[in-house]
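Here the structure comes first, spelled out in structure tokens, and everything after it is commentary.
Chain letters run A, B, ... following the sequence lines, proteins first and then strands; every chain starts at 1.
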Amino acid sequence: MYTGLVAAPLRWSGWPGGSVHPLFCMKAIVDCNSFYCSCERLFKPKLAQQPVVVLSNNDGCIIARSDEAKALGVGMAAPYFQNKHLIEQHNVAVFSSNYNLYGDMSWRVMETLRQAVGPDKVEVYSVDEAFIDLDDDMSTATLHAFTMNLRQQVEQWTGIKVSIGVAPTKVLSKVANRLAKKNKAITNCVLVLNTERRIQQALEKTAVEDVWGVGHRYAQKLQRMNITTAWQLRQQNLLFARNHLGGVVGERLLRELQGQPVLGMKEELKVKKMIATTRMFGQTVTDLQSIKEAVATYTSRAAEKLRRQHGAAGSISVFVIPKEPPAADGRFRHGPTISNYMVLPVATSVTHELIKPAVQMVEALYEPGRAYKKAGVLLSDIVPDTAVQRSLFDHAMDDRSRKLMDMMDNINFSQRNDVLKYAAGGTTRNWKMQQNFHSPRYTTRWNELFEIG
DNA sequence: TCTGGGGTCCTAGGACCC
DNA sequence: TCTGGGGTCCTAGGACCC
């Protein structure tokens, strides 16, 4: 029996024991299969049959695996060095992350979706995922045909294979998508959950930790309560969710699982409330000068992001993370984050007005003799830059600074990311990250265009 | 030897005010 | 002996996501 708070769904005779959800829009999640690996493969057809992995910045972790690499037992988010043997043994193709390429391919996929269903029906959720609002009057057959067609169109236009899950709510569509992907041979990468019976079957096959919104903390907690499948979780009441799964967040999750849509489509949130640039160092760093250079560079990167959204930051914070000796149990852990925070006298997006306090804060945080592995800059209290109030005397400077910033942004954008940089960014760069397997930026750099040979 | 980077939302608790 | 109640704002920290 359907237990959501919405009106009881009508009977649709085409499916045994199935009631359909005709009263609300179905939602689809479109998810690119092994996105980063697929992007790398696009320009190297030879890799089609070969396992592929893509590494995080610094070539530290494995952040994307092709199906073949998964089958070999290469773990997600696993450290590269731990899998090196396996990778070499099976001739796995390895790439450092190439975000220029992925960003551009992502844009092409999203554009294809927008053209297919209308721009206001698409919510870009991440670089490789988008939610789509589907018309509510589609019959099951139409829904499935439409979705299959969409999948083919994306593949044809961009070369990227996607999986699509369709269901009455976002959480359920994620469940559908996961199963579609897991059973490609049967589903052809598309799964529609629009009857109670199908939803139940899907939830019974889904472990509680695979539900969108249940992280490992909550999963452990639920398992201790003998709730191991998504279906079992769905049987709980809202009070339970409120008490054990993070208050209103948990309640929303449970409602969605029960088929009641509470997570709406979000219009694109282009203005960020916080902008961060943080990096691991290529190797541990002990000297203050290097850390200052790194922080100055991260600050100018963050300032670029800030200007791109026409924002000005009201406050800035800086952190460093020292290298920790390994824990007694041998498990990896992060060192403590040592941070400093400053409210700026005037909200700004001018790079040197941000670098100056950032570097000052780093000097205060730094302890001689200590080794550091990571640093970062966070800009927050972001306001539109038109709203910034400056004193009378700032005006001349303001104008000049703005012109300088515009010029730098233009040159950096059209040339390379770091042609122009502040002297404070330094030139030694022994903190710079390692990228040993970088593929060309085929689609965004003229001199790295794909060559047909 | 070697474990990413960039976000969001929510809550609790303290400070402060009337 | 015994010290209100309700509101706002802020920050730190927890949880989650890809």
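- Within a heavy-atom distance below 4.0 Å of DNA chain B, no residue of residues 103-115 of chain A is found.
- A heavy-atom distance below 4.0 Å to DNA chain B is reached by none of the residues of residues 208-223 of chain A.
- For N57(A), taking side-chain heavy atoms from C-beta onward, the closest of the listed nucleotides dG7(B), dC10(B), dG5(B) is dG5(B).
- Residue D31(A) holds its CG atom at 3.0 Å from NZ of K181(A), rounded to the nearest 0.5 Å.
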Determine, stepwise, if the pair L254(A) / F240(A) fulfils side chain to side chain contact (heavy atoms under 4.5 Å, CB included). CA-CA 9 Å; L254(A) 185 58; F240(A) 173 92; 5.7 Å; no
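- With a 4.5 Å cut-off on side-chain heavy atoms, K161(A) and C32(A) do not count as touching.
- Distance, Y298(A) OH to dG5(B) P: 8 Å, rounded to whole Å.
- Counting non-hydrogen atoms of neighbouring residues, nucleotides and ligands closer than 6.0 angstrom, the NZ atom of K356(A) reaches no more than 12 such neighbours.
- For the pair I29(A) CD1 and dC18(C) C1', the computed distance is 11 Å after rounding to whole Å.
- One atom, CD1 of I62(A), and another, P of dC2(B), lie 17 Å apart when rounded to the nearest Å.
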Using a cutoff of under 3.5 Å, can you pull out all pairs of nitrogen or oxygen atoms linking the protein to nucleotides 12-17 of chain B, with atom names and distances?
none

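- Note: CG (L378(A)) to P (dT8(B)) measures 11 Å, nearest angstrom.
- Between the C1' atom of dT1(B) and the CZ atom of F281(A) lies a distance of 18 Å, rounded to the nearest Å.
- No contact: N58(A) has no heavy atom under 4.0 Å from any strand.
- Between F131(A) and Y125(A), the ring planes are perpendicular. Angles over 60° get that label, and only those under 30° would be called parallel.
- Of the side-chain N and O atoms in S56(A), none sit less than 4.0 angstrom from OP1 or OP2 of dG5(B).
- Using a 4.0 Å cut-off between charged side-chain N and carboxylate O, R255(A) and E251(A) make a salt bridge.
- Across all strands shown, D128(A) has heavy atoms under 4.0 Å from sugar-phosphate atoms exclusively, and none from any base.
- Here the side chains of C189(A) and V162(A) are not in contact, with every heavy-atom distance at 4.5 Å or above.
- Under the 3.5 Å distance criterion, with hydrogens and angles disregarded, a donor-acceptor pair is assigned to the side chains of N98(A) and S439(A).
- No engagement by L55(A) is indicated, since no non-hydrogen atom pair under 4.0 Å with the nucleic acid exists.
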For the pair Y102(A) and D128(A), evaluate side chain to side chain contact (heavy atoms under 4.5 Å, CB included) and give the outcome as yes or no after the intermediate values. CA-CA 9 Å; Y102(A) 311 150; D128(A) 67 335; over 6 Å; no
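- Contacts with DNA chain B (heavy atom under 4.0 Å) in residues 79-99 of chain A: P79(A), F81(A), Q82(A), listed by number.
- Here the nucleotide nearest the side chain of K273(A), chosen from dC9(B), dC10(B), dG7(B), is dC9(B).
- Between E304(A) and R307(A), no side-chain nitrogen of the basic residue sits less than 4.0 Å from a carboxylate oxygen of the acidic one, so the salt-bridge criterion is not met.
- Ring geometry for F437(A) against Y80(A) counts as perpendicular: the plane angle is over 60°, on a 0 to 90° scale with 30° as the lower cut.
- Residues S66(A) and Q50(A) approach most closely at OG-O, 4.4 Å, considering heavy atoms.
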Test log, rule salt bridge (Lys or Arg N to Asp or Glu O under 4.0 Å), inputs E256(A) and R252(A): CA-CA 6 Å; E256(A) 283 261 320; R252(A) 284 206 286 254; over 6 Å; no
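- Counting only Watson-Crick or G-U wobble pairs whose defining distances are both under 3.5 Å, the stems of 3 or more consecutive pairs in DNA chain C are B:5-18 with C:5-18.
- Atom CD of E304(A) and atom C1' of dG6(B) are 16 Å apart (whole Å).
- Taking the charged nitrogens against the carboxylate oxygens, E111(A) and R108(A) have no contact shorter than 4.0 Å, which rules out a salt bridge.
- With DNA chain B read from its 5' end, the first of the two nearest nucleotides for K323(A) and A276(A) is the one closest to K323(A).
- Note: CZ (R308(A)) to P (dG7(B)) measures 10 Å, nearest angstrom.
- In terms of position along DNA chain B, the nucleotide closest to C61(A) lies nearer the 5' end than the nucleotide closest to the other residue of the pair C61(A) and R252(A).
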Extract all donor-acceptor atom pairs below 3.5 Å that involve side chains of residues 211-227 of chain A and protein atoms in other chains or at least two apart in sequence.
{"from": "K221(A)", "atom 1": "NZ", "to": "H244(A)", "atom 2": "O", "distance (Å)": "3.0"}
{"from": "Q223(A)", "atom 1": "NE2", "to": "E209(A)", "atom 2": "OE1", "distance (Å)": "3.0"}

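- Note on K27(A) versus E123(A): no salt bridge recorded, every NZ/NE/NH1/NH2 to OD/OE distance being 4.0 Å or above.
- Rounded to whole Å, the separation between the C1' atoms of dC17(B) and dG4(C) comes to 14 Å.
- Atom NZ of K373(A) is separated from atom C1' of dG5(B) by 14 Å (rounded to the nearest Å).
- Of the listed nucleotides (dC9(B), dC18(C), dG7(B)), dC18(C) has the atom at the smallest distance from the side chain of Y125(A).
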Would you check, one step at a time, whether the test side chain to side chain donor-acceptor pair (under 3.5 Å) holds for S96(A) with D59(A)? CA-CA 6 Å; S96(A) 302; D59(A) 295 340; 2.8 Å; yes
